[in-house]
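Each ligand, and each atom within it, is numbered from 1 in the order the structure gives. Numbering starts at 1 and runs along the sequence shown.
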Amino acid sequence: MNDTVTRLTAVKEKIARAEIEAGRPAGSVTLVAVSKTFDAGAIRPVIEAGQRVFGENRVQEAQAKWPTLKADFPEVQLHLIGPLQSNKAKEAVALFDVIETIDRDKIAAALAGEMEKQGRSPELYVQVNTGSEPQKAGIDPREAVSFVGRCRETHGLAVAGLMCIPPVDENPGPHFALLEKLARQAGVAKLSMGMSADYETAIAFGATSVRVGSAIFGVR
Ligand SMILES: *Cc1c(COP(=O)(O)O)cnc(C)c1O
């Protein structure tokens, strides 16, 4: 087995253990393998090892490598986990199965228009800037619940869940707890939280999917 596949297996085992420790059903957490910066040659063995859900943070990079991989493995699900510009909404709707980074009305409107035009309905998440960091994407937590409401009522979008990236220098637990509370208030079921350093913690706080890159693919 190559190193990447060995690490994938280890991550899956840790997820299974964290599910048990949290008293959650086996298989209730989806692993999103974050393949950004890695080429198709590095990704292919991971798909062949059975991994079916992947995350990319740039539309253009994903467009360069995923159409071929998706043609070979049509059951692969691709998540957009990076910031989305409205001029890329068309490409994003065409390529991604899940878009996790809706954080403003302009993007919500652009996605709604493209989904209608293309007849495609990727699953949608709202990204929340739980640490209110000025440089970071995501809606402010104080506006998150009303924004989910606007996505539904103004833009006609079905929001499936919330996503967050906690500040790097803080204990992530309170951020995961905040996202879980906001999801309950907004009436959405899914929680995308936890990365290589903290996915087991995120599972304890209710993550339904974790986005793990370097722990699988190695350092970027
Ligand atoms: C890169 C990235 C990840 C994965 O980070 P690792 O620390 O390598 O696991 C998760 N989420 C987002 C939004 C990312 O951009």
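- Of all the atoms in ligand 1, the ones that sit under 4.0 Å from a non-hydrogen atom of Ile165 are 13 (C).
- Looking only at protein heavy atoms, the nearest one to atom 14 (C) of ligand 1 is Lys36 NZ, 3.0 Å.
- Side chain of Asp97 to backbone of Leu78: a donor-acceptor contact under 3.5 angstrom is found.
- Sparse packing is recorded around NZ of Lys14, with 12 or fewer heavy atoms of other residues, nucleotides or ligands lying under 6.0 Å away.
- Set against the non-hydrogen atoms of Arg211, the atoms of ligand 1 under 4.0 Å away are 4 (C), 9 (O), 10 (C), 11 (N), 12 (C), 13 (C).
- How far CZ of Arg44 is from OG of Ser35: 13.0 Å, rounded to the nearest 0.5 Å.
- A heavy-atom separation below 4.0 Å is found between Arg220 and ligand 1.
- Counting only residues at least two apart or on different chains, the side chain to side chain donor-acceptor pair (under 3.5 Å) pairs with a member in residues 177-188 are Glu180-Arg184.
- Geometrically, ligand 1 and Val34 share no nitrogen or oxygen pair separated by less than 3.5 Å.
- The pair Arg17-Glu200 does not count as a salt bridge, with every side-chain nitrogen at least 4.0 angstrom from each carboxylate oxygen.
- Looking only at protein heavy atoms, the nearest one to atom 10 (C) of ligand 1 is Met195 SD, 3.3 Å.
- Near Val212, meaning under 4.0 Å from any of its heavy atoms, are these atoms of ligand 1: 9 (O).
- Nearest to atom 12 (C) of ligand 1 among the protein's heavy atoms is Ile81 CD1, 3.4 Å.
- With rounding to the nearest 0.5 Å, the separation of OG in Ser132 from CD1 in Ile139 is 10.5 Å.
- In this structure, His155 NE2 and Phe147 CZ are separated by 6.0 Å, a value rounded to the nearest 0.5 Å.
- Remark: ligand 1 atoms within the under-4.0 Å shell around heavy atoms of Ser196 are 6 (P), 7 (O), 8 (O), 9 (O).
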